[in-house]
Amino acid sequence: MIRRVSVLLLVFGLGGCANMAHHNQQDSPWLIQRSHVKVPVCTPLSKEHELWLGLSQKMMVEGRLHAALANIEQLPNELPEARLNKAQILRQLQRPEAESLYASLLDSCLVAGGYHGLAQMAVAKQAYPQALSYLQQAIAIAPTNDAMRNDLGVVYLNLRQLDEAQFELVTALELNEGDPRAATNLVTLLVYQARLDQAAKLVSRYQLSTAQYQGAVARAERLKQADSQESNLMAARQTAWVEPSGVSEISPVPQVAEQAPSQTPVQTQTQAQAQNWAAVIQPALPSMTSISGLNSVTTAKSTGNTNSVAPSQTSAAKTQAARGVQQVAASSSREIVPLAITQGVF
C-alpha cells in the first residue's frame, strides 16, 4: 500500500490540488457533505431471487443485454434490486424507460444507485451541471463507491473543473485499483493538460494497454477540439458585433431592361449597412441564404442573356431584393444564436 501511494504522489506531486485553497467547505471535494436522509435497509433476497439477479448481471457483463433483461423480468418489480438492474440494462440499450426506473429508487434502500443512474442519463444528454448535482447527492450517501467517484471525476472533466476531476479520479483509483476506468480517465486528464511525462508514468504503473492509452488520448483531443470550437464561436460572435466602418458607398445595382428607381439617402445608407454586416458575418457562418429574387437577375447579366428577363420580372425581382436588403439591415440588431458545442463524452 505504501508503494502504491508513493507512486501516486510521484505522478501527481504534493501540489496537485494546491489551488483548491479558495474553496469553502460546501463546495470542496475534500469534505463530503454527508446526507442526513435515513436510508432504509434492503430486505435480503431469497435464494431464487439471488439466482435470477446474478444470472442477469452475468449476461449484462457479457454484453447479452436482451437476454439479461429477459432474465431480470423473472423478479418482482417491487424489488429495488430488480428495478436497478433493469434500469442499468435499459440505459445501456439507450432506452428512455430507464430514467423512470432510476427515479423510482429515490425512496428505496438503493437511493444512491438511483441518483447515480439519473446522473448517467444526464451525462448521455450532456447535461453536466444536472449530472453533477445527482452525483454529489449519490456520493453523500455512498462516499466509498468507486464507480460513482469515477463518474463524478468525468463530469468535472467535462465541466473543465480539472482540480476537482483529478481529486475524484485519484479517489476512485485508490478505492479500486483493479478497475482500469479511473486510471484511463486520469490519463485523459493528464494528456489534456499536456502533462505527458506523468501520463506515461501512470500508463506504466497500471499497465494500461495500447488501446486504452490511445482511447484516452483520443478523448483528450476531442476535449481540446471542443475548446477550440467554442473559442472560435465566441470570436465569431464578437467579430459579428463590431460596428461597421469605412464604407462610404455601395456598388450600383446592375441595370437590366430598365433604369432602377432613384434611391433616397436613407435607402442608400440602409443598403450600405446591410452589405457591410454581410461582409463581417459571412466568414463566421457556414453559409448565408441568398436574397430571393436577386440571383435570377445576376445570372441573366453574367450570361449576357438580358433579353430572357422580362421588364416586369426584373422590376419585381429588384423590388424583392431591396426588401431583402432592408430585412438584413433590420435583423443586424438581433443576437446571433451560437451553434451547440459538443463536449467530450466518456
Side-chain angles (χ1 to χ4, degrees), residues 1-2 4-9 11-12 14-44 57 80-81 83-85 87-88 91 101-124 127-189 202 206 346:
M1 178 61 69
I2 296 177
R4 291 175 179 175
V5 174
S6 65
V7 170
L8 288 175
L9 291 176
V11 172
F12 297 105
L14 295 175
C17 300
N19 56 359
M20 287 187 181
H22 68 280
H23 287 286
N24 56 38
Q25 291 187 2
Q26 289 186 340
D27 61 9
S28 172
W30 293 83
L31 299 173
I32 299 295
Q33 300 298 314
R34 290 303 310 276
S35 174
H36 297 292
V37 176
K38 186 175 181 179
V39 179
V41 179
C42 290
T43 304
Q57 291 174 341
E81 294 88 348
R83 298 203 302 276
L84 178 59
N85 191 259
Q88 292 170 342
R91 179 181 63 81
L101 286 172
Y102 282 128
S104 72
L105 296 170
L106 299 185
D107 59 352
S108 73
C109 60
L110 299 179
V111 56
Y115 280 124
H116 186 203
L118 290 173
Q120 291 173 319
M121 298 291 289
V123 167
Y128 298 117
Q130 185 180 21
L132 176 62
S133 176
Y134 284 139
L135 281 169
Q136 287 174 335
Q137 294 179 79
I139 290 174
I141 299 170
T144 59
N145 188 298
D146 61 283
M148 295 179 186
R149 304 301 289 256
N150 172 78
D151 291 355
L152 180 57
V154 172
V155 168
Y156 275 131
L157 179 56
N158 279 281
L159 291 171
R160 305 308 190 269
Q161 296 179 229
L162 304 184
D163 290 329
E164 290 85 349
Q166 176 177 308
F167 177 87
E168 294 299 334
L169 293 173
V170 170
T171 301
L173 183 59
E174 291 184 353
L175 286 171
N176 184 6
E177 294 193 344
D179 190 344
R181 288 180 299 175
T184 304
N185 289 327
L186 272 173
V187 172
T188 296
L189 171 62
L202 196 64
Y206 289 96
F346 301 96

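Positions are given from 1, in the same order as the sequence printed here. The analysis underlying the following values was restricted to heavy atoms, covering all of them including side chains, and did not include hydrogens, waters or symmetry mates.
Between Glu177 and Tyr206, some side-chain heavy-atom pair lies under the 4.5 Å cut-off. Looking at Leu84 and Tyr102, their side chains come closer than 4.5 Å, going by heavy atoms from C-beta outward.
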Exercise for review: Could you walk me through whether Leu157 and Asn185 pass the side chain to side chain contact (heavy atoms under 4.5 Å, CB included) test, one step at a time?
Suggested key: CA-CA 9 Å; Leu157 179 56; Asn185 289 327; 5.8 Å; no
Exercise for review: Would you check, one step at a time, whether the test side chain to side chain contact (heavy atoms under 4.5 Å, CB included) holds for Leu106 with Leu118?
Suggested key: CA-CA 10 Å; Leu106 299 185; Leu118 290 173; 4.0 Å; yes
Exercise for review: Start with the C-alpha gap between Glu174 and Val170, add the side-chain angles, then the distance that decides, and say whether side chain to side chain contact (heavy atoms under 4.5 Å, CB included) holds.
Suggested key: CA-CA 6 Å; Glu174 291 184 353; Val170 170; 3.9 Å; yes
Check your understanding: Where do Asp151 and Val123 land on the side chain to side chain contact (heavy atoms under 4.5 Å, CB included) test, with the steps shown first?
Key -> CA-CA 9 Å; Asp151 291 355; Val123 167; over 6 Å; no
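To the nearest 0.5 Å, atoms CD1 (Ile139) and CG (Leu152) are separated by 4.0 Å. Note that CD of Glu81 is 9.5 Å distant from CG of Leu105, once rounded to the nearest 0.5 Å. We find the CZ-CG distance between Arg181 and Leu173 to be 12.0 Å, quoted to the nearest 0.5 Å. Rounding to the nearest 0.5 Å places CE of Met121 at 8.0 Å from CZ of Arg91. One finds the OH atom of Tyr156 at 9.5 Å from the CZ atom of Phe167 (value rounded to the nearest 0.5 Å). If you take CE on Met148 and CD on Gln120, they are separated by 8.5 Å, rounding to the nearest 0.5 Å.
Residues Leu132 and Leu159 share a closest heavy-atom pair of CD2-CD1, 4.0 Å. Residue His116 comes nearest to Leu135 through the heavy atom pair CD2-CD2, 3.7 Å, listed as atom of the first residue, atom of the second, then distance. When all heavy atoms are compared, the tightest approach of Asn150 to Ala172 is N-CB, 3.6 Å. When all heavy atoms of Ala112 and Ala138 are compared, the closest pair comes out as O-CB, 3.6 Å. Ser104 approaches Arg83 most closely through the heavy-atom pair OG-NE, 3.0 Å. Scanning all heavy atoms of the two residues, the minimum distance from Cys109 to Pro40 falls at CB-O, 3.0 Å.
Considering only residues two or more places apart in sequence or on other chains, Asp107 meets the side chain to side chain donor-acceptor pair (under 3.5 Å) condition with none of them. Listed by chain and number, the residues in a side chain to side chain donor-acceptor pair (under 3.5 Å) with Asp146 are Asn176 (sequence neighbours excluded).
One N or O on the side chain of Arg149 and one on the backbone of Pro143 form a donor-acceptor pair closer than 3.5 Å.
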